[in-house]
Every structure is written in C-alpha cells, then in structure tokens.
Amino acid sequence: MIDKVRVRFAPSPTGYLHIGGARTALYNYLVAKHYQGVFILRVEDTDQVRSTEESTKSIFESLQWLGITWDEGPYYQSERRHIYNEYAKKLLDEKKAVYQEDPAKGKAVVFKMPTGKQIVFNDLIHEAIKFESDLLGDIVLVKSDGFPTYNFACVIDDALMNITHIIRGDDHISNTPKQIVLYEALGRPSPQFAHIPLIMGEDGSRLSKRHGHTSVSEYRELGYLPEALFNFLSLLGWSPGDDTEIMDRDEIIKRFTIERVKDKPAQFNIKKLTWLNSHYLKHVSRERLYKLAIPYLSQAGCNISGFPEEKIIKLVDFYRERIRILSEITEATKFFFEDKIIYQMEARQKFIEPQESKEVLQEVYDGISTLQEFNEGSLETLLRRIAESKNLKFQDVAQPIRVALTGTTVSPGIFEVMELLGRQKVQERIKQML
RNA sequence: GCCCCGAUCGUCUAGCCCGGUUUAGGACACAGGCUUUUCAAGCCUGCAGCACGGGUUCAAAUCCCGUUCGGGGUACCA
C-alpha cells in the first residue's frame, strides 16, 4: 500500500459498546497499526432522539479498556452540520438533489438516484458485489430536522477525512452502492470497502440481549481481562493462517490482514473466551492480579483491610489457576475472610464425622501446638508424619483438615491454606470440629 | 416479496484463490486416562465435519450451476 492507510471506527452513541462494535473497532485498529496508518474515531450522533452523552462516554471507556486507542478524533457529526449543509447545497445547485416536501415531516433534501446504472465494487472480504441502481431508490441527504442522514454524513466525512479503507459490519453492504453513487456525484474517489460478517449468538441468530452479555463493559465486570477479549475478538472471523491462537497484541497486529477475514458469520462462543481468559490469568503478575481482584473482593464485603497486603496477594495468587474469570474469586476465597464458615453437609459427614477423622484432627491440633515455626515446610513435615504414624494415606489427613478449615473439599494445597490462615485460626477451626 | 451475503467436526477455524502432497489439520467444549493432597492446572487418548444435487476433470472440500438452509438489507435509524 503506497498511500498512508486511514481507517475509522464510527459508532453511534445510542448504547454501550456492543461486542460486535468492539470487533469492528478492533479490526480497524489492527489494520491501522499493521500498516502504520491512522485510526480515527468519529461519533455518528446525527440521531437527535437516540444519541446520548452517556453512551459516548461508555463507548470511549470500553475502547480504552480494550487498548483500542485512536490517533485522531473524536469527531462529532453533530458539530459538523455546516459542512454537510454546504455539500447538500452544492448537490442542490448541480440539480443532483432536490427538495422534497412531506406533509407530515417537512422539507428534506433528496438525492436523485441515476437510473439504469450497474454499481460494482470490489469488497476486500467478499470480492465483487453488484447492484442495479434502479432497485435502490432516491437517497435522503438531509432530514427535515436539518440533520444529515447516515449515508450522507458518512460519505462526506469519509471523503473529507481521506479514509482509505472502510471496515464495517456486513449489515452495511446494502448502503454501499448508495454511498458509491454519492462519491461519484461529489467527484471523489471511493475508498476500499471491507464488510465483516456479523457476530451471531450461540443459537445462530444475531447477537442480542437475549443471548446474555453483549456489551464490553459486562465482560469487564464479569472479570475478563482486556487482553483475553482482545485476543478472542481478533479470532472471531480471522485467523493467522496457521494453528496459532494465543497471541499478544503485537503479534496480532503483525499478522493481521483484512483479506484473511472470513466471509462467514461467527457465533460468539463464551466458553472459548473463558478458556482464553483463564490462560491469561495464569500469566498476569502477582501485583496486577491483586489489583484486579481487590474490587471484586471489596464489593463482596470482604474485610480486606483486616489482613496484611502480602497475605491477600498470596491468597489471590493461589487461586489464579483455579478461577477462570475474576468474579469467581469471591466465592472461592470466602473461607479466608469470614469468621463463621459454612460447612457443606456432605463434606462434613464424610471427612469430619468418622471417628478416624476426629482422631486425625486431634493429633493435628496437638501437633500444631508443639510447632516452633508455623509455615508450609513445618506443616508438611508434621502432617506427613501423622499420616505415616497412623498408617493412613496422605489424603486421609489432608481432607479432614481441608473441610475443617474451608468447609469444603476443594481448596488450594493444604499447607498453603494453613499457613495463610495462621496458627490461631487453624487451631480454632479444628477445635470446633472436635 | 425483492435485493445482497454466506455454507468444513456442537462451536471457532486451517485447507479453497493456484484441483492431486488430506486416512480433511488445530483449538474450545465433551468423554476417558495419567499425575496427584482435594480441586484446578498440566499431559495423553477418544468423539465428531467438507449441507444436498448436478456438472467440468484422469482427479473436486477445493472450479461452475442449481436446490436447501442460515444471515443481512429493504427508514427523513445508524
């Protein structure tokens, strides 16, 4: 590519950033970065009724969270009305457009569609697409409220902003011939078009609210990492051509080309996203993991300030391989923060009630009292010795303790749990079981 | 209805453009196993697919046509 690539993401601020919108933004961003081009953000707020400032804000936030940063803009179409009017007037003067009066709505500017023309464009993803102008109808340029329509404002802006590649959803294919005609009428060259297929829900129909979570902010709240969503979204309709799936931002940028995007709609597969997330969770630093976990913990009412930071860092670290999304951390670490833990009935019956278990617990309790150092190493020595002396499998010692300390049969390694809880709490909880 | 786009395991996909190298590869999910202090992780194995029908060709997942099915559009929304 000789000319500098200029692409744009042009959301309309009528709601949060949708997963589909995020992927469109991402693909634009990737193309820009891949070719060292420019990524422009433009807010298409020409619908006076549905556009809100709040939506604009949340869309920006979601983009930034994902690391999709823009080089130019944001531009707001609502602030560029004088420009559209100028071009509308030009088309009116050239008799390419006319005023049209609607008894109910008022006076609009309408572009007269040329007849008998075939409009062909070479889509970067779909290849040649053909339309007959006779089937298209006239195009409203300026609505009777004085605001431009999408098709008009979009063309003017893309032309004026020297956009080289329009990468957008498949649902815009039918707008494309209209826009091409407008470029011609304006005497401007058409940019390249790349229409990416829409994202479907798990049942194959268009992704919508009834499929569950559809906004980027929801995934953020659930505890998905931005790099996981970034990676996942990049793969939804694109692949690098080999079997690589886990890629960081730079590698995706390096390998991404729009020509390799599939021309088939993809279903949003949350299980794969979750798997990717669990992968990334394993690799974040302890400090970052801690910072990420804190909001979930405090929101659940955990007494974070009651413990040294280092302890919570450790606690959270023990769970990085056991949770798939951050929000799972609260349920998993309940036993640590709460004084009165809830014992699972079955676990208690199976691992605490038997006489043998009671004996083990008593011995562990006594053994702990004699321990000089209370740490993973000394605990391991103690517990292994007890198991050996009683001729028990190690798990017959570990499980009763685990249940006594956490109320469940599931936890990180037993020595880790004990050290983390501290001698006092460990003894208290064991004693309660005797 | 009309116009447009699409069709490889349940899902995401590689292969398709440049037909033979494919017993159609990988990943998620699922099932089983190994490991083990429980769970998770990890490792191994298994399950499972070229929508259908016609061509073209010595040869088709790959090229062409049709059918079926899915999706999108058909606004003074974007």
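Since the model is a prediction, treat every value here as computed from it, not as a measurement. Below, chains carry the letters A, B, ... as their sequence lines are ordered, and counting in each starts from 1.
- Between the C1' atom of B:C77 and the NZ atom of A:K105 lies a distance of 12 Å, rounded to the nearest Å.
- OP1 or OP2 of B:G42 lies within a sub-4.0 Å distance of a side-chain N or O belonging to A:K282.
- We find that CZ of A:F147 is positioned 14 Å from C1' of B:A78, with the value rounded to whole Å.
- Counting non-hydrogen atoms under 4.0 angstrom, A:E245 reaches a base of the nucleic acid.
- Among the heavy atoms of the strands lying under 4.0 Å from A:T149 are primed sugar atoms or P, OP1, OP2 only; no base atom is included.
- Note that A:R23 lies in the cation-pi zone of A:Y27, set by a 6.0 Å cut-off to the ring centre and a 45° limit from the axis.
- Base contact: A:I414 has a heavy atom under 4.0 Å from a base atom.
- Within 4.0 Å (heavy atoms only), A:L236 reaches sugar-phosphate atoms of the nucleic acid but no base atom.
- Backbone-only engagement by A:G241 is indicated by non-hydrogen atom pairs under 4.0 Å involving sugar-phosphate atoms exclusively.
- When heavy atoms are screened at a 4.0 angstrom cut-off, A:G237 is found touching the sugar-phosphate backbone but no base atom.
- Nucleotide B:C76 holds its P atom 12 Å from the CG atom of A:N175, rounded to whole Å.
- Using a 4.5 Å heavy-atom threshold, the side chains of A:Y219 and A:L273 count as touching.
- With a 6.0 Å cutoff to the six-membered ring centre and a 45° limit on the axis angle, A:R249 counts as a cation-pi contact of A:F230.
- Between A:H283 and A:H279, the ring-plane angle classifies as tilted under the 30° and 60° cut-offs.
- B:A51 sits 16 Å from B:C17 when the P atoms are compared, rounded to a whole Å.
- Pair check for B:C30 finds B:G46; Watson-Crick or G-U wobble, both atom distances under 3.5 Å.
- Within 4.0 Å (heavy atoms only), A:K130 reaches sugar-phosphate atoms of the nucleic acid but no base atom.
- Counting non-hydrogen atoms under 4.0 angstrom, A:R206 reaches the backbone sugars and phosphates but no base.
- Residue-level contact check: A:A266 touches the backbone only, with heavy atoms under 4.0 Å from sugar-phosphate atoms and none from bases.
- At whole-Å resolution of the value, NZ in A:K272 and P in B:C28 are 7 Å apart.
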